[in-house]
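Structure record follows, encoded as structure tokens.
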Amino acid sequence: MKIPKPTVKRLGLYYRCLARYKEEGVNFVSSQDIAERLNIKPSQVRKDLSYFGEFGKRGLGYNVSKLISEIAHIIGVNKEWNVAIIGAGNLGSALANYPGLIKHKFRVVAIFDNDREKVGKKIAGIQVSHISELEQKVKDMDIEIAVIAVPESAAQYVAEQVEEAGIKGIVNFSPIKLRTKIPVEDVDITLSFETLAYMILKNSPVESEKEE
Ligand SMILES: NC(=O)c1ccc[n+]([C@@H]2O[C@H](COP(=O)([O-])OP(=O)(O)OC[C@H]3O[C@@H](n4cnc5c(N)ncnc54)[C@H](O)[C@@H]3O)[C@@H](O)[C@H]2O)c1
């Protein structure tokens with residue numbers, strides 16, 4: 001079944017929201033409850049969840065535990081994913097130290113760089129490996145996801161190495177569109193700032209006029 005990407009993105013939000021309900025001891029929730037917590041429309045929640053068959057019971061709402069395990073299965077968080085970070089710089093180091101990844105079952109198991117000064121040093125308890133070891137380590141450590149945190153100029157070449165090494169998907173922090181056959185999720189922080197700036201200006205006529 002082909003699920004639209006915006007829906008897939010929201011499934012992660014539903015999963016976290018439901019996990020919180022479960023922690024609070026709630027057994028059933030309505031689409032209204034979920035929608036309120038996430039600040040989206042209940043009709044959107046119903047539509048998204050309808051892609052996966054009938055989860056809800058009229059009157060009772062959704063069974064929280066059942067829905068969590070169904071969504072976990074769909075978005076692949078019922079397994080742990082091994083992740084490699086390529087680029088042991090500012091961003092790569094920050095990500096390696098970020099506890100939120102393992103909390104969501106994405107375990108950083110290796111860090112790679114091509115700078116001999118960095119190779120052998122430890123970041124978040126992980127020894128940095130030389131990029132030439134990528135293919136071997138991917139096999140040995142069963143790495144499925146790579147984070148690209150290298151400068152723009154190296155990103156395409158690194159993406160090719162990542163694909164050749166047998167990695168299955170990329171989270172790309174570099175500001176270029178990568179050409180590769182494996183799935184890529186771009187994280188463009190600047191774009192978030194620009195979108196926010198646009199939203200602020202749109203709601204502020206005085207500022208908009210100033211801009212013109
Ligand atoms: N720092 C941020 O806040 C930030 C935010 C968003 C996006 N980004 C993007 O993330 C990327 C990394 O940014 P940064 O600030 O961490 O840079 P950085 O210069 O601190 O780190 C980049 C690292 O990549 C390594 N590297 C370079 N070429 C390589 C190659 N061919 N193979 C393996 N390693 C290689 C370098 O040795 C260095 O350690 C950039 O593309 C940047 O545009 C950074």
Side-chain angles (χ1 to χ4, degrees), residues 5-6 8-13 15-16 38-39 75-77 80-202 207 211:
K5 211 168 170 186
V8 174
K9 283 198 167 164
R10 282 191 294 271
L11 287 181
L13 293 177
Y15 178 78
R16 276 176 241 169
L38 296 174
N39 201 15
I75 62 176
V77 292
E80 197 169 278
W81 297 80
N82 286 340
V83 176
I85 293 177
I86 325 285
N90 294 309
L91 191 64
S93 305
L95 285 168
N97 279 294
Y98 174 51
L101 284 177
I102 187 57
K103 215 172 131 196
H104 291 98
K105 298 197 181 169
F106 296 97
R107 184 180 292 281
V108 177
V109 293
I111 306 172
F112 296 90
D113 208 289
N114 70 346
D115 180 348
R116 296 272 173 201
E117 291 278 304
K118 290 186 178 173
V119 172
K121 298 237 165 76
K122 276 195 172 178
I123 298 172
I126 300 165
Q127 202 159 39
V128 177
S129 305
H130 193 264
I131 188 74
S132 59
E133 293 179 63
L134 182 67
E135 191 161 352
Q136 193 57 50
K137 292 232 169 204
V138 165
K139 281 201 193 91
D140 294 347
M141 303 177 97
D142 192 22
I143 298 168
E144 293 183 282
I145 296 175
V147 174
I148 293 195
V150 299
E152 181 176 350
S153 55
Q156 179 57 39
Y157 177 57
V158 166
E160 286 159 23
Q161 287 177 296
V162 160
E163 188 180 334
E164 269 167 38
I167 283 180
K168 294 179 183 153
I170 296 171
V171 176
N172 172 38
F173 280 90
S174 82
I176 63 159
K177 203 89 201 130
L178 299 171
R179 281 165 279 114
T180 166
K181 288 193 200 76
I182 58 175
V184 177
E185 190 60 30
D186 293 311
V187 183
D188 191 331
I189 296 172
T190 315
L191 190 63
S192 300
F193 277 90
E194 283 168 359
T195 309
L196 179 68
Y198 167 76
M199 301 301 279
I200 294 170
L201 290 174
K202 201 176 74 168
E207 281 300 316
E211 282 295 301

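Note that the numbering runs from 1 along the sequence shown for the chain. Counting convention: from 1, in listed order, for ligands and their atoms alike. These values consider heavy atoms only, across backbone and side chains, with no hydrogens, waters or symmetry-generated copies.
Judged by distance alone, the side chains of S174 and E152 never bring a donor and an acceptor atom under 3.5 Å apart.
Annotation: ligand 1 has protein neighbours G87, A88, G89, N90, L91, D113, N114, D115, K118, A149, V150, P151, E152, A154, V158, F173, S174, P175, I189, each with a heavy atom less than 4.0 angstrom from the ligand.
The pair K105-E80 fails the salt-bridge criterion, with no side-chain N (NZ, NE, NH1 or NH2) lying under 4.0 Å from an Asp/Glu carboxylate O. In summary, E160 and K181 do not engage in a salt bridge, as defined by a charged side-chain N under 4.0 Å from a carboxylate O. Ion pairing between a basic and an acidic side chain is recognised when a charged N comes within 4.0 Å of a carboxylate O; E185 and K9 show such pairing.
Under the side-chain contact (heavy atoms from CB on, under 4.5 Å) rule, I85 has a single partner from V109, I148, V108, which is V108.
Among residues two or more places apart in sequence or in another chain, the salt bridge (Lys or Arg N to Asp or Glu O under 4.0 Å) test is passed with K121 by none.
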